[in-house]
Protein chains: 2
Amino acid sequence: MSKKQLIMETALELFAKQGFEATSVQQITDHCGISKGAFYLSFKSKDELILALIDHFMMQITADIDYIVRNAKNEDLLFQFYYSIYQSFYKHSDFAKVLMKEQSHTFNEELILKMQHYDKLISEAILSMIERLYGNAVKETKYDLMYGIKGFMNTYSQLFVFYNVPLDLKRLAESLVEKTNLLARHTTVPFVTEDLVEMIKFNQPGDLTTAKEQILPLIESKMEEMKDSIEKESLMLLKGELLEPMFPPAVVKGLIENIRRHPHCKWVSYLLIRYFELHKKS
Amino acid sequence: MSKKQLIMETALELFAKQGFEATSVQQITDHCGISKGAFYLSFKSKDELILALIDHFMMQITADIDYIVRNAKNEDLLFQFYYSIYQSFYKHSDFAKVLMKEQSHTFNEELILKMQHYDKLISEAILSMIERLYGNAVKETKYDLMYGIKGFMNTYSQLFVFYNVPLDLKRLAESLVEKTNLLARHTTVPFVTEDLVEMIKFNQPGDLTTAKEQILPLIESKMEEMKDSIEKESLMLLKGELLEPMFPPAVVKGLIENIRRHPHCKWVSYLLIRYFELHKKS
DNA sequence: TTGACAAATGACTAACTGGTCATTAGTATA
DNA sequence: TATACTAATGACCAGTTAGTCATTTGTCAA
């Protein structure tokens, strides 16, 4: 394990227990068994560390959600959605704790922008899921429904982030599927309407465009990290496809599928999916 | 305005903007135009200040909820409930911000206990509301419903705590009434069951008993704060009633009603209601 | 074995924190 | 005016912090 990873894992544990501000760099390095100076060889500052942590996990979670929404069949999409989310939270419960503790803390402008960015991506995924599932029937209530779903995600995750009881995640997902369907099919008094969303959008900065120039360096850095494997070869082929399209969509999809499960490639595959969708031969 | 109040108001603003830990005592006193020493004449420590703030607001909010749950007519109980809550949040939006920012921060054991205490009181109020409204029909799902309601409270308050858009609180309340009714009447797959609640209860310490000895000194201190008025006289009579019961319930209820709206008396009236209900002549 | 380079160290700095207390300013009474 | 009292001040203390950098340690190839 690289020093950077060691620091990130150790820091995450401490942040989850004590919070970001209450954890000193000294404490982190002590737990790692390295010196304070060594920390600053891996990270420029303490802030850079928390930003790296947020990216590391949010990329995975966002990519997971997006993949489910794009690929699950309609009849169990909602279940898969809730189930995979709570699995993520369960797997990365330390990270979830940090997120809840530091929720929107003002200590760093950049961090807030980052979180808003991921929040927006997730909202988009949820919205597209809603539209696919209920179509025109929720035209007036879809934003409300999105808020409801995010509310369920939030509320119920607090349950098992703070209390260490074993939970039946399948049952949880089933329960939320039912609730969501109820709200979707019978709501007649929406509150979060289109224009309210419009007003809120002021606070949102423009999104990152998914550009070739952004993805290429990312692929290259990932390839350096990885040892030779199917994944690495797939990455190389995808890089070629990015520079000069030649494969049919099915091949591209297969290549992406090859790398999708690799924890370090979730984000790359997410970006690639979006990119190739945007640049379909038409 | 007393120095204590000045400090509390100024500090609340700063805490809402920057968070508790990120705001120094020096900053607070600078904004107040007083010296650092003067701060410590009003508060023993910075911690005592945040505890005082939490008490000040949570007492009002808790008492409001409890009053609504006890007194609104069934047909618009749910609406009144949501409406008054969001009015509270709207009125005290700086406080709501602080709460969200510091949510479960580990910096103070006492503070966590305090918050758990208020949370428990609010949960009890919500649960009793649910039972009254839906009765046996929600026997299996009432805890789930409680979580749903708390989830709505949480999610939608984030909406207007973080974005400064004018909101139609009546509409919001109406919308949530509908959602709550939907969940209450059609849920068949509960997740938060009785035994799960039982397991969670480990983390909760025993509650404060509502004893005469607790209420009396509180009444006395409130009476000192107030100038002569109907409210003060009512307080005095209630104090007498506490020591030696003599009035019929209707009179007691009237006296409490007299003081209920006074911001400083919300908590006292809440305690008195509970006390007299527990010690009914029977 | 030597020399050259990179990796790691931890004493140190400058800034800031919550909290204290000898001193001073202000005020009411005699 | 003189006295006695409280209210208020801000320099100061001890402690902690993020971040730096001269120095040491480790690891290669020659």
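Lettering of chains follows the sequences in order, A, B, ..., and the numbering in each one begins at 1.
- With sequence neighbours left out, the side-chain hydrogen bond (donor to acceptor under 3.5 Å, both in side chains) criterion links A/S123 to A/K150.
- Partners of A/E233 according to the side chain to side chain contact (heavy atoms under 4.5 Å, CB included) rule, which considers only residues two or more places apart in sequence or in another chain, do not exist here.
- Partners of A/E257 according to the side-chain hydrogen bond (donor to acceptor under 3.5 Å, both in side chains) rule, which considers only residues two or more places apart in sequence or in another chain, are A/Y67.
- Across the protein-nucleic acid pair, B/L49 atom CG and C/dT17 atom P stand 16 Å apart, rounded to whole Å.
- Evaluation of the side-chain hydrogen bond (donor to acceptor under 3.5 Å, both in side chains) rule for A/D66 yields A/R70 as partners, not counting sequence neighbours.
- Every residue two or more places apart in sequence or in another chain that forms a side chain to side chain contact (heavy atoms under 4.5 Å, CB included) with B/S88 is listed here: B/I61, B/D64.
- When the C1' atom of C/dA25 is taken as reference, atom CG of B/L41 falls 14 Å away, rounded to whole Å.
- In this structure, CG of A/D30 is placed 17 Å from P of C/dA8, rounded to the nearest angstrom.
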**Message:** Generate the contact string for nucleotides 10-27 of chain D. Rules: B means base contact, S means sugar-phosphate contact only, - means no protein heavy atom under 4.0 Å.
**Reply:** B------SBBB-------

